[in-house]
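To start, the structure under review is shown below, and the notes come after it.
We count ligands from 1, going down the list as the structure has it; atoms in each ligand are counted the same way.
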Amino acid sequence: MSHGHHHGGNHADMLALKAELFARHTASLAAWLPVTGRPRTIVDLGCGTGAGTFTLLTQFPDAAVVAVDSSPEHLQRLKQEADARGLLARIRIVQADLDDTWPDLGTPDLVWASESLHHLADPHRAVQRVYRALPPGGLFAVIELNGFARFLPPDAPEFCPGVEERCHAVNDRKQAKELPHRGADWESTLTTAGFEIADFQTVDIHVDVSDDPGVGRYALMGLRSLREAVADDASSADLAALDELLDPDSPRCILDRPDLAVRTRRLVWAARRP
Ligand SMILES: C[S@@+](CC[C@H](N)C(=O)[O-])C[C@H]1O[C@@H](n2cnc3c(N)ncnc32)[C@H](O)[C@@H]1O
């Protein structure tokens, strides 16, 4: 869900919660990667609070991860978690703006960028830099979301059907200006930089609230931030409906809905330096 319009501690909370909700999907992604040999050094570009970092450390027991992000707050959260899991010795934390001069990333066998490339001002240059950092045969995993997660069925709620879709349509128009690389054609960016696409998959994610109560908290955060993003542009009827859905004291609150779920789609490229 997070696409750069959440700020502060709330964003770190949301990333951490999403990491938990999607942990199973992220683990099977890491297991699917067509790596050759056993990676020793892995870079997690735009690591956030460590959703990828911890998954990769589990999947590749011989590896150390260089975790890079520009947000001190996200990195602090990652460090606390690493400490709690006894994994600090296998992680090098690097605070850096990937639009600026790149830090020394060592000699990685695998670079992982999950929902981070579209945040960069010049992702094409970043992809070229990853290419140069990898040895021949090295793998670059690019994971991007196909749009924002949805939480309600398309025809819900009964008192204002389709409100979520309409607010996303409004938000998508704004986002097209703020994050022009969201939904970009990563395949052509990768091949232009010299990569070969070793494999590709789309992963449909659907987590029902009955399977994970974290869905309720995640949906509250996601729809609150959607509410903020469209506050000036959505219709007053839609804003009022969102307010009801988000009000824990209202009988119409999403937390009381058994049909609440997180639905989203991941696109994953495994690109190899020839
Ligand atoms: C949507 S989050 C994804 C985090 C993590 N990879 C995950 O899958 O949960 C995007 C991350 O990219 C980071 N980021 C955005 N712009 C960046 C930049 N210019 N340099 C480094 N990191 C950046 C943000 O701080 C944030 O942690």
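Of the charged side-chain nitrogens involved, at least one lies within less than 4.0 Å of a carboxylate oxygen, so that E165 and R150 count as a salt-bridged pair. A salt bridge links D243 with R227; the closest basic N to acidic carboxylate O contact falls under 4.0 Å.
When only interatomic distances are considered, the shortest N/O to N/O separation between A51 and ligand 1 does not fall below 3.5 Å. Residue D69 places at least one N or O, backbone or side chain, under 3.5 Å from an N or O of ligand 1. Below 3.5 Å of separation, one finds an N or O of S70 facing an N or O of ligand 1. For ligand 1, the polar-atom distance check finds no N/O of E115 at less than 3.5 Å from any of the ligand's N/O atoms. Residue contacts with ligand 1: K18 is placed with no nitrogen or oxygen under 3.5 Å of a nitrogen or oxygen of the ligand (distance criterion only). Taking distance alone, with nitrogen or oxygen atoms compared against 3.5 Å, S114 approaches ligand 1 more closely than that limit.
If you look at A19 next to ligand 1, there are no close heavy atoms at all, none under 4.0 Å. The proximity of A113 to ligand 1, defined as any non-hydrogen pair under 4.0 Å, does not occur for either the backbone or the side chain. Only side-chain heavy atoms of L120 come within less than 4.0 Å of ligand 1; its backbone N, CA, C and O stay farther off.
Of the listed residues (W269, W186, F200, Y131), just one forms a ring-ring contact (aromatic ring centres under 6.0 Å, His included) with F195, and that residue is Y131.
Side-chain contact of S71 with R77: a donor-acceptor pair under 3.5 Å is absent, judged by distance alone.
Closest to atom 6 (N) of ligand 1 by heavy atom, among A126, G48, G46, is G46.
Around atom CZ of R125, more than 12 heavy atoms belonging to other residues, nucleotides or ligands sit under 6.0 Å away.
Contact of the V35 side chain with the D109 side chain is not registered, since no non-hydrogen atoms from C-beta on lie closer than 4.5 Å.
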